There are 2 protein chains.
Amino acid sequence: MSTNFDIVQLRSSCATCSLRELCLPVGLNDQEVHLLGEVVSHKRKIRRGGYLYHTSTKFQTLYAIKSGFFKTCILEEDGRQQVTGFHMTGELLGLDAISGDLHTCDAIALENSEVCEIPFGKLEEISRTIPSLMRHFHKIMSREIVRDHSIMLLLGSMKAEERLASFLLNMSRRFAIRGYSETSFILRMTREEIGSYLGLKLETVSRAFSKLQHETLITVNNKHIQILDLDRLKLKMGNTSCLT
Amino acid sequence: MSTNFDIVQLRSSCATCSLRELCLPVGLNDQEVHLLGEVVSHKRKIRRGGYLYHTSTKFQTLYAIKSGFFKTCILEEDGRQQVTGFHMTGELLGLDAISGDLHTCDAIALENSEVCEIPFGKLEEISRTIPSLMRHFHKIMSREIVRDHSIMLLLGSMKAEERLASFLLNMSRRFAIRGYSETSFILRMTREEIGSYLGLKLETVSRAFSKLQHETLITVNNKHIQILDLDRLKLKMGNTSCLT
DNA sequence: TTGTTTAATTGATCTAAATCAATATAACCG
DNA sequence: CGGTTATATTGATTTAGATCAATTAAACAA
């Protein structure tokens, strides 16, 4: 993977919120950036607990997270809820709506957040004239598929502690990419949401946290996690290349 | 979803194996079909047990399955193996190689099979001039992501019997789409492979089969499955919209 | 055909995680 | 601020599915 950035990455220096603040790690020239700018909408604010989109949302729109944190989840009629992913600043959201007319899951803000909307049709249109953009977009979709396969591996063959270790390392890496500390971070989601994502019950997640803490691999203070030994934590998850 | 066909669908009448046999459910005109034909290679045969591609395969190539049956799986150093999917005639394979330079899993033929190779770069190129093709391709990728989320729901919150019911119904639907019987079919994969896919051990899969048979929902004769009551089987899986 | 290997079923036992339950701690609000 | 609700931890018990083990049935090759 040549780049660790998703399609729309905030310029660290930007303060206002027009499209020009967004740049792409695909080597666009100024004119191309301008073209893309025309397509991306101004930011939209979502309050903590609010919905970015519902299962029933019809618009084929992608969202670039400018700031904040989201979960996506499937809610079944029988009450079963499955968290399918967590999404942080700088990442892209909404790839599931392209296949049909509807989103297949809900996207809910776990803290006050800001997103930029990217109408998919328009993105498709301009990417026809900018090959590098199109290519980059395809890589992002493919990466999503690869990621999902990693989670299948996790859900299908790892035990509780391995799953949590894998999850923490994944979060760590993603925080690092965005320029935050990779050893000390706040998890925006609840134990229940982590559990849903990892196919575990919240009590099991809590126990796994405690276990890792007793082994002095991490420090847990409610939602604040500190990783004390990255290497030993990696060993925990069983040298699997999980959660890329 | 307007169409149930994947990007390359065999013309049922075709006997020879050049590109012209392939048609797309995207309303291409003759000239466009010809263009696409130039891109898709002649068929390649894979024997039962053979590899279509390895984890290390470098080429960003998609494969349209002309005939046969494949599994894709991740093989870990520690021996853990996770089947990430089964792929049948008419379906597309290799979407995972686009994100990087390498495939992230192996594709193995479960019976003698034939595929057409589609160099991804070339597909990208011509889809730039054929918007409907590009659109269709994006839908396929998105659908893959949605599918994976369904499997996460399955692995994360369903119990053994529900998983198997869900799996059988998914196979049934896919056979039906390709024009085969939706109530009587041969499963090419072993119990172990089903188990790996569903996050279960082979013994558990076997027991679940027996249980469903005792409840007269299905008939099991080794790899030959007959569904006796589709509706009751759907109830089994707990009204979840799983495995789309 | 017969021997050999591979796959599938079924039973007995064990265990990791679910479930049930009781506090404890943090977040929220009038 | 105190009172209410949401979240987290920890313990006791149960259970679904894993593991171990034995048998049967297919697939395959000489």
Side-chain angles (χ1 to χ4, degrees), chain A residues 47-50 71 79-83 108-112 154-168 186-215 218-225 236-238, chain B residues 47-49 71 79-83 108 110-112 154-168 186-215 218-225 236-238:
Chain A
R47 302 203 127 273
R48 182 166 133 72
K71 70 168 176 181
R80 264 194 281 224
Q81 186 181 14
Q82 173 74 27
V83 173
I108 299 167
L110 296 181
E111 62 180 338
N112 294 341
L154 178 143
L155 290 172
S157 64
M158 293 173 90
K159 36 190 44 144
E161 259 180 90
E162 296 174 320
R163 292 183 198 200
L164 189 62
S166 200
F167 169 73
L168 289 174
I186 306 283
L187 293 175
R188 287 359 275 213
M189 71 293 281
T190 66
R191 299 288 189 263
E192 188 166 20
E193 285 161 340
I194 296 172
S196 173
Y197 182 60
L198 299 178
L200 301 169
K201 290 293 157 185
L202 68 98
E203 296 95 328
T204 309
V205 173
S206 186
R207 274 183 247 273
F209 266 123
S210 301
K211 192 110 182 284
L212 292 179
Q213 189 169 29
H214 284 135
E215 298 174 46
I218 60 171
T219 302
V220 184
N221 264 101
N222 210 357
K223 289 192 157 66
H224 177 243
I225 306 295
K236 260 285 158 195
M237 91 182 186
Chain B
R47 301 202 128 274
R48 183 165 131 72
K71 69 168 175 181
R80 263 192 282 222
Q81 186 181 12
Q82 172 74 27
V83 172
I108 298 166
L110 296 181
E111 62 180 338
N112 293 340
L154 178 144
L155 290 172
S157 64
M158 292 173 90
K159 34 192 44 144
E161 258 179 90
E162 296 174 321
R163 292 183 198 200
L164 187 63
S166 200
F167 169 73
L168 289 174
I186 306 284
L187 294 175
R188 288 358 276 212
M189 71 294 282
T190 66
R191 300 287 189 262
E192 189 167 19
E193 286 160 339
I194 296 172
S196 173
Y197 183 60
L198 298 178
L200 301 169
K201 291 292 156 184
L202 68 99
E203 296 95 328
T204 308
V205 172
S206 186
R207 274 183 247 273
F209 266 124
S210 301
K211 192 109 182 285
L212 292 178
Q213 190 169 29
H214 284 135
E215 298 175 45
I218 60 172
T219 303
V220 184
N221 264 101
N222 210 0
K223 288 191 157 63
H224 178 242
I225 306 296
K236 259 284 158 199
M237 93 184 186

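In this text the structure is predicted, and so the values were computed from the model without any measurement. Chain naming here is simple, since letters A, B, ... match the order of the sequence lines and numbering starts at 1 in each.
Judged as a salt bridge (Lys or Arg N to Asp or Glu O under 4.0 Å), and not counting sequence neighbours, the contacts of B/Glu193 are B/Lys71. The salt bridge (Lys or Arg N to Asp or Glu O under 4.0 Å) search around B/Lys201 returns none, not counting sequence neighbours. By the side chain to side chain contact (heavy atoms under 4.5 Å, CB included) test, B/Asn112 is found to be paired with B/Arg47, B/Arg48, residues two or more places apart in sequence or in another chain being considered.
The minimum heavy-atom distance linking B/Tyr197 with B/Gln82 is given by the pair O-NE2, 4.0 Å. Scanning both residues, B/Ala165 and B/Lys236, for their nearest heavy atoms gives CB-CB, 4.0 Å.
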Which pairs would a plain distance check flag for residues 203-214 of chain B, meaning a side-chain donor or acceptor within less than 3.5 Å of a matching protein atom at least two apart in sequence or in another chain?
{"unit_1": "B/Ser210", "atom_1": "OG", "unit_2": "B/Ser206", "atom_2": "O", "d": "3.1"}
{"unit_1": "B/Lys211", "atom_1": "NZ", "unit_2": "B/Glu161", "atom_2": "OE2", "d": "2.6"}
{"unit_1": "B/Gln213", "atom_1": "NE2", "unit_2": "B/Val220", "atom_2": "O", "d": "3.4"}
{"unit_1": "B/His214", "atom_1": "ND1", "unit_2": "B/Ser210", "atom_2": "O", "d": "3.2"}

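In summary, contact between chain B and DNA chain C, defined as any nucleotide atom under 4.0 Å from a heavy atom of the protein, begins and ends at C/dA7 to C/dA12 in the 5' to 3' direction.
Look at NE2 on B/His224: it is 18 Å from C1' on D/dA27, rounded to the nearest Å.
Put simply, the side chain of A/Leu202 does not reach to within 4.5 Å of the side chain of A/Thr190, judged on heavy atoms.
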Requested in this report: Using a 4.0 Å cut-off on protein heavy atoms (strictly under), produce a 5'-to-3' string for nucleotides 7-21 of chain D with B for base contact, S for backbone-only sugar-phosphate contact, and - for none.
Outcome: SSBBBB----SSBB-
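Surrounding CD of A/Glu162 are more than 12 heavy atoms belonging to other residues, nucleotides or ligands, all under 6.0 Å away.
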